[in-house]
Amino acid sequence: MKENLEQIVQPLLRWFDQNARILPWRDQPTPYRVWVSEIMLQQTRVEAVKPFYQRFMEALPDIQTLANCEEEELLKLWEGLGYYNRVRNMQIAARTVIEEYGGKLPDDYLELQQLKGIGSYTAGAIASIAYGKVAPAVDGNVLRVISRVTLSREDILKQSVKRGMEQAIVEIMPADRPGAFNQALMELGAMVCVPNGEPHCESCPLKGLCLARKMGAMDEIPVKKAKKPRRIEEKTVMIIRDGEHLAIHKRPPKGLLSGLYELPNTEGHLTQNEAVAWIKEKGFSPIRIKGLETAKHIFSHVEWHMTAYLILIEDPQETGEYLFVEPEKTEEKYPIPAAFAAYARYMEIKLGQEKYREDL
DNA sequence: AACTCGGGGCC
DNA sequence: GGCCCAGAGTT
């Protein structure tokens, strides 16, 4: 196995030298810059990360500023990227680095993995790219490329398969260019040995030795066990306006979208009468109400099927549960997940522009 | 080992 | 409509 796999090293490095994309985090691969990029890139495509990365690095240029950042501002910088615990964990790790390592990110593969949010992949990426150390960085790209090259039909979602791949990679990794080698594998997976659609084998530096290509089995590999279907949650979303302000609600500190702000909502699809009753139960005095279009938002493991109402109320008293904010302030200050994007225009409209269907 | 956690682009 | 992405933490 090792003898065979060793043949990929030089062609891969040569290809990478000619074809590496210019990416913001490749510019000055300092430990912090690599760290931030790798956290953002977890389960997230390069093109999606780019705009977030630039803005984040300007706002929080080093570990110290990250450690000191207010959580609200931190989440605002991450708004729309998803997997929000990534950035909270990164801040926890930043504080650990300051307290235990004098503010310098460790260079050791195993020590890095002790930090919150840094697993085997991210530890290997930082150690190899930022510190030039021999360590594996096996992500979905690498699992796909290597399993195709070796015609492996093992389930790449199994931990044991990933560990085996990490070991195999370490054994062939060139000691003089570990960072380039890890990035080359990922780059090939992203640009040539692509995850969806036909791989571009004609332009692949490994086409001569790829066993999946030899057998015409590129479409059968990698093998992944089927995942279970998403559950569906029905919700009714309330856009509650008093004319000047919009009601928002901070989600609980644990679970889905924890700590982010949302439009008031409740379980199930409520009729208009039920929605009015719900509003009154919350202590508000509705004046007018209008039913809005339905919307769907898909998460990894859940689907929200939403219906919604636009509701005008009399001047609210602060309940503590709900915050009444100016819509413009919402955009600059409160992180709101993309799940509510379908109703964004109702959050922003000026009172009077919208015709309510019914007076109450 | 199974489940949780976002969002978007591509087929 | 399904797939998967420079994964990691929790149970």
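Chain A is the first sequence line, chain B the second, and so forth, proteins listed ahead of strands; every chain is numbered from 1.
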(message) So which atom in M165(A) and which in V138(A) form the shortest heavy-atom distance, rounded to 0.1 Å?
(response) CG-CG1, 4.1 Å
(message) Closest approach to the side chain of P337(A), judged atom by atom: which nucleotide of dG7(B), dC4(C), dC5(B) is it?
(response) dG7(B)
(message) Tell me the interatomic distance from I92(A), atom CD1, to dG9(C), atom P, rounded to whole angstroms.
(response) 10 Å
(request) Identify whether any heavy atom of A125(A) sits under 4.0 Å from a base atom; if not, whether one sits that close to sugar-phosphate; answer base, sugar-phosphate or nothing. (result) nothing
(request) Could you check E262(A) against H249(A) for side-chain hydrogen bond (donor to acceptor under 3.5 Å, both in side chains), going step by step and ending with a plain yes or no? (result) CA-CA 5 Å; E262(A) 64 181 354; H249(A) 169 253; 2.9 Å; yes
(message) From C-beta outward on Q159(A), which listed nucleotide comes closest to its side chain: dA6(C), dA1(B), dG9(C)?
(response) dA1(B)
(message) Quick check: on DNA chain C, is the nucleotide nearest E38(A) upstream (toward 5') of the one nearest N89(A), or the reverse? Name the residue that is more 5'.
(response) E38(A)
(request) Report yes if at least one side-chain N or O of K296(A) is closer than 4.0 Å to OP1 or OP2 of dG1(C); otherwise report no. (result) yes
(request) Could you tell me which non-hydrogen atom of V34(A) sits nearest to which non-hydrogen atom of A125(A), and how far apart they are? (result) CG1-O, 4.1 Å
(request) Please determine if a side-chain N or O atom of H297(A) lies less than 4.0 Å away from the OP1 or OP2 oxygen of dG6(B). (result) no
(request) Identify which nucleotide among dG6(B), dC4(C), dA8(C) has an atom closest to any side-chain atom of Y121(A), counting heavy atoms from C-beta outward. (result) dA8(C)
(message) Can you check the distance between dG6(B) and dT10(C), where both ends of the measurement are the P atom (answer in whole Å)?
(response) 14 Å
(message) From CZ of F52(A) over to P of dG6(B), roughly how many Å is that when rounded to an integer?
(response) 14 Å
(message) Counting the atoms with a prime plus P, OP1 and OP2 as sugar-phosphate, which does G189(A) contact under 4.0 Å by heavy atoms, base, sugar-phosphate, or nothing?
(response) nothing
(request) In whole angstrom, give the distance that lies between atom NZ of K254(A) and atom P of dT10(C). (result) 8 Å
(message) Between K227(A) and dC4(C), is there a contact of a side-chain N or O with OP1 or OP2 at under 4.0 Å?
(response) no
(request) Using heavy atoms to find the nearest nucleotide of DNA chain C for R45(A) and Q113(A) separately, return the residue whose nucleotide is more 5′. (result) R45(A)
(message) Any side-chain N or O of K224(A) below 4.0 angstrom from OP1/OP2 of dG2(C)?
(response) no
(message) It should be established whether Y83(A) places a side-chain nitrogen or oxygen under 4.0 Å from OP1 or OP2 of nucleotide dG9(C).
(response) no
(message) Measuring from the side chain of A339(A) (C-beta onward, heavy atoms only), which nucleotide among dA8(C), dA6(C), dG7(B) has the closest atom?
(response) dG7(B)
(message) If you only use heavy atoms from C-beta on, which nucleotide in dC10(B), dG7(C), dG7(B) is closest to the side chain of N196(A)?
(response) dC10(B)
(request) Using heavy atoms to find the nearest nucleotide of DNA chain B for K225(A) and S258(A) separately, return the residue whose nucleotide is more 5′. (result) K225(A)
(message) Parallel, tilted or perpendicular, judged at 30° and 60°: which one describes the rings of Y343(A) and Y346(A)?
(response) tilted
(message) Among dA1(B), dG7(B), dG7(C), which nucleotide has an atom closest to any side-chain atom of Q42(A)?
(response) dG7(C)
(message) Check the phosphate of dG7(C) against Q43(A), side-chain N and O only, distance under 4.0 Å to OP1 or OP2. Yes or no?
(response) yes
(message) A side-chain contact here means heavy atoms from C-beta on lying under 4.5 Å apart; do T271(A) and N273(A) qualify?
(response) yes
(message) Given dA8(C), dT4(B), dA6(C), identify the nucleotide with an atom nearest to the side chain of K228(A).
(response) dT4(B)
(message) In the structure I gave you, are the side-chain heavy atoms of S258(A) and R88(A) within less than 4.5 Å of one another anywhere?
(response) yes
(request) Say whether, by atom type as modelled, one donor and one acceptor occur between the side chain of R86(A) and the main chain of Q42(A) under 3.5 angstrom. (result) yes
(message) It should be established whether H301(A) places a side-chain nitrogen or oxygen under 4.0 Å from OP1 or OP2 of nucleotide dC5(B).
(response) yes
(message) Using a heavy-atom cut-off of 4.0 Å across all strands, would you classify L23(A) as base, sugar-phosphate, or nothing?
(response) base
(message) Counting only side-chain nitrogens and oxygens, does T122(A) get under 4.0 Å of the OP1 or OP2 atom of dA8(C)?
(response) yes
(message) Should the side chain of T44(A) and the base of dG6(B) be counted as holding a donor-acceptor pair, with the cut-off at 3.5 Å?
(response) yes
(request) Identify which nucleotide among dA2(B), dG6(B), dA8(C) has an atom closest to any side-chain atom of K162(A), counting heavy atoms from C-beta outward. (result) dA8(C)
(message) Students often get this wrong, so: under 4.0 angstrom with heavy atoms, is R26(A) touching a base, only sugar-phosphate, or nothing?
(response) base
(message) Would you measure the distance from the P atom in dA6(C) across to the matching atom in dC11(B) and give it in whole Å?
(response) 14 Å
(message) What contact category does L81(A) fall into here, base, sugar-phosphate, or nothing, at under 4.0 angstrom with non-hydrogen atoms?
(response) base
(request) Indicate, with a heavy-atom threshold strictly under 4.0 Å, whether R144(A) touches base, sugar-phosphate, or nothing. (result) sugar-phosphate
(request) Using whole Å, report how far OH of Y84(A) lies from P of dG7(C). (result) 18 Å
(message) Of the options dG7(C), dG6(B), dT10(C), whose atoms approach the side-chain atoms of K116(A) most closely?
(response) dT10(C)
(request) Test Y261(A) against E72(A) for side chain to side chain contact (heavy atoms under 4.5 Å, CB included), laying out the working first. (result) CA-CA 10 Å; Y261(A) 289 82; E72(A) 211 99 307; 2.9 Å; yes
(request) Establish, with yes or no, whether the OP1 or OP2 oxygen of dG6(B) is under 4.0 angstrom from a side-chain nitrogen or oxygen of R86(A). (result) no
(request) Give one of base, sugar-phosphate or nothing for V142(A), where a contact means two heavy atoms less than 4.0 Å apart. (result) nothing
(request) Pick base, sugar-phosphate or nothing for S120(A), based on heavy-atom distances below 4.0 Å to the nucleic acid. (result) sugar-phosphate
(request) Could you check whether G197(A) gets within reach of a base, just the sugar-phosphate, or nothing at all, counting any heavy atom under 4.0 Å? (result) nothing
